[in-house]
Amino acid sequence: MTLPVTEFERETFGSFVAKAFANRSFVIGFMITALIAGMALLSFFWTPYDVTKLIVADRMQPPSTTHLFGTDQFGRDVLSMIMVGSRNSIAVAFVAVGIGMGLGVPLGCWAAARGGFVDEAVMRFNDLVFAFPALLSAVMITAIFGPGAINAIIAIGIFNIPVFARVARAGALAIWPREFILAARAAGKGKALITVEHILPNIANLLLVQGTIQFALGILAEAGLSYLGLGAQPPMPSWGRMLFDAQTLMMVAPYLALFPGFAIVITVLGLNLLGDGVSDVLDPKLRRQR
């Protein structure tokens with residue numbers, strides 16, 4: 001059974017949408033992100049050329065009306081590879097952020113609710129995990145299980161756990177002393193129920209903004225891991241792998257590095273602008289401080 005949406009909820013959502021699309025950063029970031037996401041979705045059904053098909057006769061063709069972004073050393077269409085590579089980057093970053101948020105948020109909320117030894121133990125564990133960057137974690141995982149997109153997801157996801165744990169804990173600690181939390185405790189609600197009903201809704205804006213930031217960083221991390229050969233493996237196109245393959249051909253065909261590099265830059269820029277816009281809409285005080 002679907003519960004009806006109250007008038008307050010409709011007004012709140014409508015107010016958020018109106019404020020969001022009145023914010024320049026949000027609009028630009030949303031348009032860029034939607035364009036990249038649409039390109040990734042379209043690549044599942046159509047690309048100008050088959051990225052798995054090698055056409056040696058068409059190798060190293062500069063950008064033209066036939067191949068808008070040119071072709072690589074194997075005759076593959078660069079535009080098609082960027083389209084397919086976008087879904088790989090988005091999928092890796094999305095799942096990695098999901099892992100970090102799914103494990104880090106409950107961990108941070110639990111530490112804030114329990115306090116004392118539990119809080120200290122969780123934070124020291126987070127410090128230990130945070131000491132190993134995603135790249136170093138990927139190297140260790142690759143040494144054991146071999147390179148691949150799954151291992152890149154695990155490495156980036158593990159790195160995201162302490163990030164979301166810290167944000168969730170800091171936000172929760174600021175909410176626990178509030179009067180409505182004291183009223184909920186006086187009403188007999190347990191810490192777990194209070195966390196679900198009161199803490200999480202009040203820190204959702206912090207988690208949403210942090211999620212957009214970590215998504216952008218996840219795309220950068222995936223590109224870096226693929227560049228080092230630790231991410232997606234051939235024949236699956238990846239923006240980082242395309243940059244690696246182009247580095248020996250810079251003097252001959254600079255467009256091979258230009259287009260995937262631009263794709264990474266514009267995607268990260270769009271996500272950062274989107275996160276900045278969401279932050280402004282949800283917390284106008286931050287906008288005034290800037």
Side-chain angles (χ1 to χ4, degrees), residues 1-23 26 30 94-130 157-215 217-218 274-290:
M1 179 179 177
T2 303
L3 296 176
V5 179
T6 65
E7 188 67 26
F8 173 76
E9 289 171 333
R10 278 196 295 265
E11 290 179 359
T12 301
F13 180 74
S15 175
F16 172 81
V17 173
K19 291 179 181 178
F21 282 94
N23 184 279
F26 180 90
F30 178 81
F94 182 81
V95 177
V97 170
I99 292 173
M101 186 176 290
L103 297 178
V105 172
L107 200 61
C109 290
W110 181 51
R114 293 297 299 272
F117 174 77
V118 172
D119 186 19
E120 187 68 19
V122 170
M123 287 300 100
R124 298 296 74 78
F125 175 76
N126 280 340
D127 292 339
L128 178 63
V129 176
F130 203 68
I158 291 175
F159 181 76
N160 281 332
I161 292 175
V163 175
F164 284 102
R166 287 170 178 269
V167 173
R169 174 182 176 272
L173 287 176
I175 300 297
W176 272 106
R178 302 283 292 276
E179 290 80 2
F180 66 92
I181 299 296
L182 297 177
R185 298 183 69 175
K189 292 184 179 180
K191 291 184 177 180
L193 186 60
I194 291 175
T195 297
V196 173
E197 291 186 351
H198 301 288
I199 301 298
L200 285 176
N202 280 282
I203 64 173
N205 57 337
L206 298 175
L207 300 176
L208 180 60
V209 173
Q210 190 64 41
T212 59
I213 295 173
Q214 294 305 122
F215 197 94
L217 294 177
L274 182 63
D276 189 57
V278 170
S279 177
D280 286 344
V281 173
L282 295 178
D283 193 352
K285 290 184 293 184
L286 295 179
R287 181 177 53 203
R288 288 197 295 267
Q289 289 173 2
R290 288 199 293 267

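Any value given below was found using the heavy atoms of this structure, including those in side chains, with hydrogens, waters and symmetry copies removed. Small disclaimer: the values here were computed from a predicted structure and weren't measured.
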Search all heavy atoms of [X] against all heavy atoms of [Y] and return the closest pair with its distance.
X      : Y      : value
Ala168 : Gly108 : CB-CA, 4.3 Å
Thr195 : Pro201 : O-CD, 4.4 Å
Asn126 : Ala165 : ND2-CB, 3.2 Å
Asn202 : Asn205 : O-OD1, 3.5 Å
Val97  : Gly211 : CG1-O, 4.2 Å

Could you give the side-chain donor-acceptor pairs of residues 157-164 under 3.5 Å, partners two or more places apart or in another chain?
| residue | atom | partner | partner atom | Å |
| --- | --- | --- | --- | --- |
| Asn160 | OD1 | Gln214 | NE2 | 2.7 |
| Asn160 | ND2 | Ala96 | O | 3.4 |
| Asn160 | ND2 | Ile156 | O | 3.4 |

To the nearest 0.5 Å, how far apart are [atom1] in [X] and [atom2] in [Y]?
X      : Y      : atom1 : atom2 : answer
Leu207 : Met101 : CG    : CE    : 5.5 Å
Gln210 : Ile203 : CD    : CD1   : 11.5 Å
Arg169 : Leu107 : CZ    : CG    : 11.0 Å
Ile199 : Cys109 : CD1   : SG    : 7.5 Å

Close side-chain approach of [X] to [Y], heavy-atom, < 4.5 Å:
X      : Y      : result
Phe26  : Leu274 : yes
Val209 : Asp276 : no
Ile99  : Phe94  : no

Check: Could you go step by step and tell me if Asp127 and Arg166 meet the salt bridge (charged side-chain N to carboxylate O under 4.0 Å, His left out) rule?
Finding: CA-CA 10 Å; Asp127 292 339; Arg166 287 170 178 269; 2.3 Å; yes
Note to self: Please evaluate residues Ile181 and His198 with respect to the criterion side chain to side chain contact (heavy atoms under 4.5 Å, CB included), reporting the C-alpha separation (whole Å), side-chain torsions for both, the decisive distance (0.1 Å), and the verdict.
What the structure shows: CA-CA 7 Å; Ile181 299 296; His198 301 288; 3.6 Å; yes
Notebook entry, point to check: Are any side-chain N or O atoms of Lys191 and backbone N or O atoms of Ala113, one a donor and one an acceptor, separated by less than 3.5 Å?
Noted result: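 Yes: the side chain of Lys191 pairs with the backbone of Ala113.
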Note to self: Per the side chain to side chain donor-acceptor pair (under 3.5 Å) rule, what does the pair list look like for residues 174-183, sequence neighbours excluded?
What the structure shows: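 Non-adjacent pairs meeting side chain to side chain donor-acceptor pair (under 3.5 Å): zero.
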